[in-house]
Chemist: 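Handing you a structure now.
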2 protein chains.
Amino acid sequence: MDDVSGGGPSGSLPRAVALLRALAASGGGGMRLTNAAETAGVTPASAHRLLRMLVDEGLVEQDARNKHYRLGIEFFSLAARAGNPGNLREVCRPTLLRLSASLGDTVFLLVRSGYDAVCLDRCEGPVPIRSFTGDIGGKVILGVGQGSMAILAHLPEAEREEVIRFNLPRLLNFGPFDEVFFRKGIEQVRESGYAARGTGLLPGMAGVAVAILDREGRPLAAISIGTTVERLNAERLPTVVQVLRREAEALATKINPFDVALRRPAQHAGSF
Amino acid sequence: MDDVSGGGPSGSLPRAVALLRALAASGGGGMRLTNAAETAGVTPASAHRLLRMLVDEGLVEQDARNKHYRLGIEFFSLAARAGNPGNLREVCRPTLLRLSASLGDTVFLLVRSGYDAVCLDRCEGPVPIRSFTGDIGGKVILGVGQGSMAILAHLPEAEREEVIRFNLPRLLNFGPFDEVFFRKGIEQVRESGYAARGTGLLPGMAGVAVAILDREGRPLAAISIGTTVERLNAERLPTVVQVLRREAEALATKINPFDVALRRPAQHAGSF
DNA sequence: CCTCATGTTTGCACATAGTGGAATATGGCA
DNA sequence: TGCCATATTCCACTATGTGCAAACATGAGG
């Protein structure tokens with residue numbers, strides 16, 4: 001759409017990545033060529049060539065019957081075997097296991113990614129849970145859910161404001177949303193040091209989260225507990241918070257020598 | 001190395017993917033530019049440009065202190081949505097949870113990927129388990145382990161033979177291997193409809209698996225139980241097999257109306 | 001069964017984006 | 001401080017990716 005004139009190449013890599021993003025957004029069902037091309041903002045011809053390359057590389061699969069393209073298992077496996085940024089997952093894994101065992105609830109490890117939070121790891125508890133974060137790798141808007149909220153609340157003010165400004169429109173899709181109430185919630189989290197309950201968008205579900213901060217006080221990640229409202233009553237909450245805080249602090253001191261620089265401060269919008 | 005003459009571009013996408021593969025192979029620690037360039041077979045200059053692009057896309061992160069490049073969170077988030085044909089994972093998740101809860105063992109969901117099987121999902125049981133498959137995303141040679149064996153055994157004969165021929169050399173790395181015995185095992189699995197015990201390569205560990213077949217009898221995936229030899233005694237085995245069979249058939253009928261496209265032309269509603 | 005429409009694949013000429021190699025900046029180490 | 005290794009930038013060349021348009025499957029509807 002915004003491509004001007006010319007008949008020359010304007011970067012094959014960004015286009016390919018855009019296609020990958022489109023396919024990822026389409027879910028397990030996959031997408032037709034035309035649709036993917038449109039979503040990625042590429043001409044069908046280019047989309048065809050690029051997707052063929054990606055198929056050759058094993059990153060994309062094509063369903064033989066309906067020609068739908070989808071992200072390939074190879075891709076999945078590659079990432080899973082790759083470890084993860086700074087070995088955060090390996091470092092935190094013991095903590096998650098311990099928390100899951102001692103509390104008997106499902107534990108999440110979340111990190112920030114642009115205007116979203118991503119679930120890096122998850123330890124199932126015995127009680128089935130519904131959560132925004134969903135599976136490992138799942139993304140959620142920064143500010144939705146306790147873990148996500150814990151990260152947002154501890155961001156430096158400038159960054160926090162930018163995220164809020166960007167996310168407010170997106171949050172409207174989650175139902176009636178009140179900015180004042182939202183900001184109040186953020187304040188509360190920053191002051192208390194933990195995020196609990198949240199907006200109650202998932203009926204019957206509840207959670208607590210604390211952030212893992214680096215030396216400068218910037219949030220590296222968040223540990224989050226997902227459980228039911230009955231299990232997270234007013235009596236038990238303080239205990240859980242205390243346990244989480246202790247583990248989060250232990251982790252913080254463990255991974256302190258980390259300073260990851262993202263090249264571009266403002267990232268792409270994600271969806272279109 | 002194998003690049004011929006000229007000074008012209010020979011495809012930026014393959015090079016970028018090669019770099020991603022190199023970074024993935026390096027684990028969470030990351031790699032230096034030179035090292036990555038060498039591993040990927042690219043000149044340092046190109047590696048630098050490509051990596052910068054990838055950083056801009058969010059697929060790669062650069063450690064501010066070491067300048068080490070490593071895969072970024074975006075990459076993991078994307079990959080987590082990959083390899084999920086027909087939302088297999090979401091569809092099977094409840095079953096896995098149910099099985100894990102009722103049997104008290106660890107449950108795996110495996111799918112085929114070329115000559116290997118990949119672990120798509122995994123539900124931990126209370127008993128710690130060692131398995132070839134390992135974590136989610138883990139790969140294992142088709143034929144090693146029960147789930148993997150269940151898939152292999154139910155492949156159409158031509159395909160099966162091809163896989164066996166390709167994998168036999170690879171299997172030698174797993175210790176003394178007897179082709180006759182191996183083929184006999186495959187036959188047994190196909191006849192009985194389940195794979196149990198297997199080769200006993202992991203001392204103390206045992207497992208059972210059944211395949212999920214589509215309408216034409218081709219294996220879509222396999223559900224596998226990992227446990228200890230004590231827990232999977234001759235007395236309990238039939239029960240477990242029966243439970244697995246029932247769940248597998250239920251899943252099969254659930255996934256079978258694979259021609260979802262028949263109903264409505266545009267239905268990419270997606271689950272947000 | 002034939003026809004039409006939508007979607008997919010291939011050719012083509014052009015010019016730009018990507019390439020390798022050399023030159024330059026950066027940074028660790030003795 | 002000076003040296004070496006590594007990271008980054010510069011530059012001219014060209015072949016690779018590009019858009020457009022025409023051929024080619026595919027499947028729906030009459």
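In what follows, chains carry the letters A, B, and so on, assigned in the order in which the sequence lines appear, proteins first and then strands, with residues in each chain numbered from 1. Only a predicted model underlies this, so the values are computations on that prediction, with no experimental measurement involved.
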Chemist: Are A:R49 and A:S46 close enough that a side-chain donor and a side-chain acceptor fall under 3.5 Å?
Modeler: yes
Chemist: Send over the distance from A:L50 CG to C:dG18 P, rounded to a whole Å.
Modeler: 12 Å
Chemist: Among B:E162, B:R170, B:K139, which residue meets the side chain to side chain donor-acceptor pair (under 3.5 Å) test with B:Y115?
Modeler: B:E162
Chemist: With respect to B:M149, which candidate in B:L110, B:V140, B:L142, B:V189 satisfies the side-chain contact (heavy atoms from CB on, under 4.5 Å) definition?
Modeler: B:V189
Chemist: Could you write nucleotides 4-10 of chain C as a row of B, S and -, 5' to 3', where a protein heavy atom under 4.0 Å of any base atom gives B, of only sugar-phosphate atoms gives S, and otherwise -?
Modeler: ---SSSB
Chemist: Using residues 26-36 of chain B as the side-chain source, report each donor-acceptor pair under 3.5 Å to any protein atom, sequence neighbours left out, with the distance given to one decimal.
Modeler:
{"unit_1": "B:S26", "atom_1": "OG", "unit_2": "B:L23", "atom_2": "O", "d": "2.7"}

Chemist: If I take atom NE2 in residue B:H68 and atom C1' in nucleotide D:dA5, what distance separates them, rounded to the nearest angstrom?
Modeler: 14 Å
Chemist: Could you state the CD-P distance from A:E38 to D:dG19, rounded to the nearest angstrom?
Modeler: 15 Å
Chemist: Answer yes or no: does a side-chain N or O of B:S46 lie under 4.0 Å from OP1 or OP2 of C:dG18?
Modeler: no
Chemist: Please determine whether the number of non-hydrogen atoms from other residues, nucleotides or ligands lying under 6.0 Å from atom CD of A:Q62 exceeds 12.
Modeler: yes
Chemist: Between A:R160 and A:L152, is the side chain to side chain contact (heavy atoms under 4.5 Å, CB included) condition met? List the steps.
Modeler: CA-CA 6 Å; A:R160 195 169 65 227; A:L152 173 59; 3.9 Å; yes
